[in-house]
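In what follows, a structure is listed as structure tokens, so that the remarks can point back to it.
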Amino acid sequence: MTYYQKWISFYTIVRKDVLRMFRIWAQTFLPSVVTSALYFLVFGAFLGSKIGEVQGVPYVMFVVPGLVMLAVITNAYANTSFVMFSAKFFGRNIDEILVSPTPPWVLVSGYVAGGVIRGVLIGLIVLSVSLFFTHLTIHSLFVVVAFLVLTSIVFALAGLVNGVYAKSIDGINIVPTFVLTPLVYLGGVFYSADALPGIWGTITKFDPVFYVINGFRYGFLGTSDVPLLLSFGVLAAFALVFFGIAWYLIRTGLGLRQ
Amino acid sequence: MTDLALEINNLEKTYAGGTRALNGVSLAVPQGDFFALLGPNGAGKTTLIGIVTGLVNSTAGTVSVFGIDAARSPEQSRATIGLVPQEVNVNPFEKPLDILVNQAGYYGISRAVAVPRAKQILKDLGLHDKGGMPSSQLSGGMKRRLMIARGIIHEPKLLILDEPTAGVDVELRRSMWDYLTGLTKKGVTIILTTHYLEEAEQLAKHVAIINKGDIVEQGTMEEVLAKHPSTPLGAGDEGKYRGGKLEEVFLKLTQNPT
């Protein structure tokens with residue numbers, strides 16, 4: 001395949017996924033709008049006034065970046081894990097791509113691009129919802145955009161790996177429920193690591209999502225519990241590792257070919 | 001430049017559970033041939049096809065498609081092959097036109113080229129008025145035709161049909177064979193697996209019979225039929241059903257393999 005043909009194949013994978021996610025918008029976009037509105041209502045309007053300020057800003061403003069990342073992470077992950085799993089499990093239409101000359105890296109990139117588009121769109125939607133509850137300041141637009149995209153890439157890749165490996169519908173639910181959700185909730189969505197007592201502040205720093213949320217929060221508030229470059233480094237490292245795993249799985253056919 | 005469309009040497013496959021599907025199969029399919037690969041259920045036909053198309057990893061042996069080593073240059077090899085699988089595996093939510101255009105996209109064919117080509121193929125296969133409805137609403141025969149359309153949308157030089165007429169009525173089968181023999185006249189090599197042995201006997205120039213992972217006979221149809229003359233009716237056989245010549249050979253070789 002020439003590079004142009006690879007581009008067409010990549011575009012085909014992405015286009016198909018984007019059309020799918022818009023066709024079932026009530027399943028892909030609407031839940032995050034409802035959930036985030038409830039979070040903003042509870043933690044902003046109800047509890048926020050009692051908590052006061054965190055890192056020098058109203059509590060509702062503090063939790064916005066974390067809640068945006070919560071939605072971005074779960075949606076980017078769910079998109080690729082579900083699309084891959086359903087393509088290989090329900091009717092085996094993944095074979096349409098596997099029999100084609102599309103190289104593994106194009107397949108991985110195409111699926112991940114779909115996850116990134118959904119993650120970024122969800123991020124923008126949740127940010128828009130937050131404006132009904134608080135005003136937002138942006139310290140660095142570059143950092144905001146970079147973390148939004150990089151986080152979507154990392155978790156779309158992780159979801160793809162999960163989708164390739166999953167052997168049943170439980171296989172794509174176990175990781176989000178028992179791994180991803182705890183990591184996100186314990187990663188500082190609702191609190192600053194400085195506020196945690198004793199060892200918990202240290203334990204939190206072993207959670208990769210902690211760096212995601214702090215980096216993204218820095219883009220809005222200009223404050224972070226850890227250096228920005230460290231957050232970038234952790235995300236970039238995870239992106240490389242997960243891309244390598246996804247590429248290897250599809251190249252060798254583990255989980256896909258017999 | 002080889003005059004073989006497909007050359008298989010000592011191909012072996014043992015599945016993870018220990019099931020041995022192929023025991024060193026060797027096969028040669030001339031370019032432009034209509035080749036019948038016959039065998040009872042579980043003989044290894046679909047495994048062999050899976051290895052040629054990249055859906056199954058082989059344990060040992062080599063596969064060469066138009067002189068291209070399928071293991072060394074899988075993408076180049078796959079670009080020349082079209083597959084019509086045994087199981088219906090089209091996405092039920094997608095429309096036939098989209099399925100064909102997307103499939104073309106995976107082969108690097110732009111939408112500008114793919115859309116008119118897809119419409120023409122749908123017309124040729126009698127599906128022109130079904131292009132815009134979800135494929136789940138198509139009848140069984142229509143889905144079979146759609147799978148053929150998907151297998152040829154990228155104009156492959158080698159078309160592999162794995163039981164394409166299973167469950168298809170007589171009239172439709174005839175029109176499908178007319179269409180497919182038309183492709184061989186244009187130079188397309190066809191490999192067919194089927195349990196309708198009368199069809200294979202009439203259509204195929206060469207035939208190979210596989211049983212329990214071994215090729216038990218191969219050659220031109222005339223050679224194979226001449227090599228195994230029909231056994232005369234025995235005492236008490238009067239009134240029993242007797243199939244065509246190939247069916248008799250097939251039963252002789254697969255029930256009492258030499």
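Proteins come first, then strands; the chains are lettered A, B, ... in the order of their sequence lines, and each starts at number 1.
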- [ ] Find the distance between CZ (A:Phe155) and CD1 (A:Ile73) and round it off to the nearest 0.5 Å.
- [x] 4.0 Å

- [ ] Using heavy atoms and a sub-4.5 Å threshold, report which of residues 233-251 of chain A line up against chain B, by residue number.
- [x] A:Arg251

Task: Contacting moiety of A:Thr252, where chain B heavy atoms sit under 4.5 Å - done: backbone

TODO: Measure distances from B:Pro74 to the heavy atoms of chain A and classify the residue's part below 4.5 Å as side chain, backbone, both or neither.
DONE: side chain

Task: Ring-ring centroid check A:Phe22 A:Phe29, cutoff 6.0 Å - done: yes

Open item on the list: At a 4.5 Å cut-off on heavy atoms, which part of B:Ile109 comes close to chain A: side chain, backbone, both, or neither?
Closed with: backbone

Open item on the list: Is there a side-chain contact between A:Phe147 and A:Pro65 in this structure, where contact means two heavy atoms from C-beta onward sitting under 4.5 Å apart?
Closed with: no

Open item on the list: I want to check something: taking the side chain as every heavy atom from C-beta on, are B:Ile81 and B:Val52 in contact at a cut-off of under 4.5 Å?
Closed with: yes

Task: N/O donor-acceptor pair under 3.5 Å between B:Asn102 side chain and B:Asp98 backbone - done: yes

TODO: Heavy-atom pairs under 4.5 Å with chain A are the metric here; pick the option from B:Gly108, B:Gly82, B:Gly151, B:Pro92 that has the most.
DONE: B:Gly108

- [ ] Would you give the length of the straight line joining atom CE of B:Met142 to atom CG of B:Leu172, rounded to the nearest 0.5 angstrom?
- [x] 9.0 Å

Open item on the list: Measuring only between side-chain heavy atoms, which start at C-beta, is B:Thr165 closer than 4.5 Å to B:Trp177?
Closed with: yes

Open item on the list: Salt bridge check, B:Arg144 against B:Glu163: does any charged N sit closer than 4.0 Å to a carboxylate O?
Closed with: no

Open item on the list: Could you tell me if B:Ser58 and B:Glu12 have a donor-acceptor pair between their side chains, going purely by distance under 3.5 Å?
Closed with: no

Open item on the list: If you define the side chain from C-beta out and look only at heavy atoms, does anything of A:Phe10 sit under 4.5 Å from A:Thr102?
Closed with: no

TODO: Would you mind checking which part of A:Arg15 comes under 4.5 Å of any heavy atom in chain B, side chain (CB onward), backbone (N, CA, C, O), both or neither?
DONE: side chain

Open item on the list: At a 4.5 Å cut-off on heavy atoms, which part of B:Gln103 comes close to chain A: side chain, backbone, both, or neither?
Closed with: side chain

Task: Proximity breakdown for A:Tyr11 and chain B, heavy-atom pairs closer than 4.5 Å - done: side chain

Open item on the list: Please identify, among A:Lys16, A:Lys6, A:Arg92, A:Met1, the residue contributing the most non-hydrogen atom pairs under 4.5 Å to chain B.
Closed with: A:Lys16

Task: Spacing of A:Leu160 atom CG and A:Leu107 atom CG [to the nearest 0.5 Å] - done: 7.5 Å

Task: Portion of B:Leu83 that has a non-hydrogen atom of chain A nearer than 4.5 angstrom - done: side chain

Task: Proximity breakdown for B:Tyr15 and chain A, heavy-atom pairs closer than 4.5 Å - done: side chain

